[in-house]
Amino acid sequence: MLTILYQDEYLVAVDKPAGLFVHRSFMDKEEIYFAVQLVRDQIGQYVYPVHRLDRPTSGVLLFALTKEVAQQLSDAFANKAQALALEQSKDRESDELLMTKTYYALIRGHLIVKEEQGIIIDEGVIDHPLKEKLDKLGDKFVSQKKEAQQAKSYYRVIKQATLPVAVGKYDSVRYSLVQLTPVTGRRHQLRRHLAHLRHPIIGDINYGDNKQNPFFIEHFGFKRLMLIAKSLQFMHPITGKEINIEVDFDEQWQSVFKLLNWQL
């Protein structure tokens, strides 16, 4: 049973745990549970996924209950309108469907916080194009020569901590908790963007640190990607009302906060 965060006659959102596939793919031959199947069985109705979260990513996962609503929400997740909303004036009038996605990640190191004229600057933007990430099986007929696509993510440093333990070439272990808002929706965008900054997400086996990840498992007692889709904010495609769906940090996240003395 998945925790239902929001439900009406058009939409349903659940809290997807880390390790659960959204739907069946070429990589899951041994899996028997998928979010699509679980939600369908739980509410007794067919559901249409309008976005995907990587298997190791936890958090808010939204489904539509009709194909028409699914298409509208898929367009919003493609960020055709969100980019305009972030770049242009907040009071612009528009009937476009906007979707703001907010993630939190625990990353290696202290992401630099600047001070300018006595003002702390704890946020920034990663504007770094990404080559399309393809599956070896599912995308084997897709051209490998495509140009890198525009990719943009905003970030804000929330907390930082240091553990006096030597790991690899470093005499201490440093962590930052960052809030992330992707403007574009490239595959593994946040994971790749943070790796590009040399601050990979803890637990990332594709783009992460092969010394910090084992230390985290040993010190904190569990293994997972420390990335959570914390909230979704959008205009309801039918009612026009603003919807804000948010999930709590789970017990593993809370245990990390406790050990790092972070009050959130």
Side-chain angles (χ1 to χ4, degrees), residues 1-25 27-28 30-66 69-70 72-74 76-77 98-106 158-159 177-182 185 188 190-191 201-204 216 220-239 241-260 262-264:
M1 297 289 288
L2 299 179
T3 299
I4 294 178
L5 304 170
Y6 176 87
Q7 186 176 5
D8 62 24
E9 59 183 305
Y10 306 103
L11 308 171
V12 61
V14 300
D15 180 3
K16 185 188 89 68
L20 180 67
F21 279 107
V22 173
H23 46 63
R24 191 176 299 277
S25 74
M27 302 180 293
D28 60 10
E30 304 302 320
E31 294 295 323
I32 59 174
Y33 295 112
F34 306 90
V36 171
Q37 164 209 335
L38 292 174
V39 176
R40 178 199 65 198
D41 294 346
Q42 194 165 330
I43 69 172
Q45 185 175 352
Y46 194 83
V47 297
Y48 300 84
V50 295
H51 69 120
R52 68 178 178 183
L53 296 177
D54 296 335
R55 181 187 185 185
T57 304
S58 64
V60 181
L61 182 62
L62 183 65
F63 296 90
L65 302 183
T66 70
V69 171
Q72 293 182 66
L73 289 170
S74 294
F77 267 96
L98 307 182
M99 180 75 71
T100 300
K101 299 169 284 186
T102 303
Y103 293 75
Y104 279 73
L106 182 70
I158 305 299
K159 295 283 187 179
L177 179 69
V178 293
Q179 182 188 81
L180 301 153
T181 304
H188 295 175
L190 297 178
R191 296 164 64 180
I201 299 175
I202 298 299
D204 194 333
F216 182 87
F220 291 94
F222 61 88
K223 177 181 180 181
R224 67 179 284 184
L225 176 70
M226 294 302 291
L227 177 65
I228 180 173
K230 191 72 170 59
S231 67
L232 285 178
Q233 186 175 5
F234 59 96
M235 301 302 291
H236 196 290
I238 304 300
T239 67
K241 294 182 179 179
E242 183 176 294
I243 304 296
N244 187 20
I245 305 171
E246 186 167 359
V247 67
D248 294 330
F249 289 107
D250 61 36
E251 291 183 2
Q252 291 180 334
W253 276 97
Q254 294 289 353
S255 69
V256 171
F257 297 159
K258 183 176 181 179
L259 286 171
L260 295 179
W262 287 344
Q263 300 295 323
L264 291 173

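At a threshold of 4.5 Å between non-hydrogen side-chain atoms, the residues Leu2 and Leu20 count as touching. The shortest distance between side-chain heavy atoms of Phe63 and Val36 falls below 4.5 Å. For the pair Trp253 and Leu264, the minimum side-chain heavy-atom distance is 4.5 Å or more. Inter-residue side-chain proximity for Ser58 and Gln252 is flagged as unmet; no heavy-atom pair is nearer than 4.5 Å. Using a 4.5 Å heavy-atom cutoff, the side chains of Ile43 and Leu65 are in contact. In this structure the side chain of Phe220 reaches within 4.5 angstrom of the side chain of Leu260, judged on heavy atoms.
Atom CG of Leu5 and atom CG of Asn244 lie 11.0 Å apart (nearest 0.5 Å). Once rounded to the nearest 0.5 Å, the distance linking CG of Leu227 with CD1 of Ile202 reads 12.0 Å. Rounding to the nearest 0.5 Å places CD1 of Ile228 at 12.0 Å from CD1 of Ile201. The CD atom of Gln72 sits 10.5 Å away from the CE atom of Met99 when rounded to the nearest 0.5 Å. The distance from atom OG1 of Thr66 to atom CG of Leu73, rounded to the nearest 0.5 Å, is 8.5 Å. Rounding to the nearest 0.5 Å places CG of Leu232 at 9.0 Å from CG of Leu61.
Minimum heavy-atom separation, Ala18 to Pro56: CB-O, 3.4 Å. Leu180 and Ala105 make their closest contact through CD1-CB, 3.8 Å (heavy atoms, listed as atom of the first residue, atom of the second, distance). Of all heavy-atom pairs spanning Ala13 and Ile245, the tightest one is CB-CD1, 3.7 Å. Scanning both residues, Val50 and Ser74, for their nearest heavy atoms gives O-OG, 3.7 Å. The two residues His23 and Pro49 have their closest heavy-atom pair at CD2-CG, 4.3 Å.
Using cut-offs of 30° and 60° for the angle between ring planes, the Phe34 and Phe21 rings count as tilted.
Applying the side chain to side chain donor-acceptor pair (under 3.5 Å) test to pairs two or more places apart or on separate chains, those with a residue in residues 4-17 are Tyr6-Asp8, Asp8-His236. Among residue pairs with one or both ends in residues 37-50, none qualify as side chain to side chain donor-acceptor pair (under 3.5 Å); sequence neighbours excluded.
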* Could you go step by step and tell me if Phe249 and Val256 meet the side-chain contact (heavy atoms from CB on, under 4.5 Å) rule? -> CA-CA 10 Å; Phe249 289 107; Val256 171; over 6 Å; no
* Checking side-chain contact (heavy atoms from CB on, under 4.5 Å) for the pair Met226/Tyr104: CA distance, chi angles, key distance, verdict? -> CA-CA 8 Å; Met226 294 302 291; Tyr104 279 73; over 6 Å; no
* **Verdict with reasoning, Thr57 to Leu190, per side-chain contact (heavy atoms from CB on, under 4.5 Å)** => CA-CA 11 Å; Thr57 304; Leu190 297 178; over 6 Å; no
* Residue pair Leu225, Asp54: steps toward the side-chain contact (heavy atoms from CB on, under 4.5 Å) verdict -> CA-CA 10 Å; Leu225 176 70; Asp54 296 335; 5.5 Å; no
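Residues satisfying the salt bridge (Lys or Arg N to Asp or Glu O under 4.0 Å) criterion with Asp250, sequence neighbours excluded, are Arg224.
Atom NZ of Lys223 has 12 or fewer heavy atoms from other residues, nucleotides or ligands within 6.0 Å.
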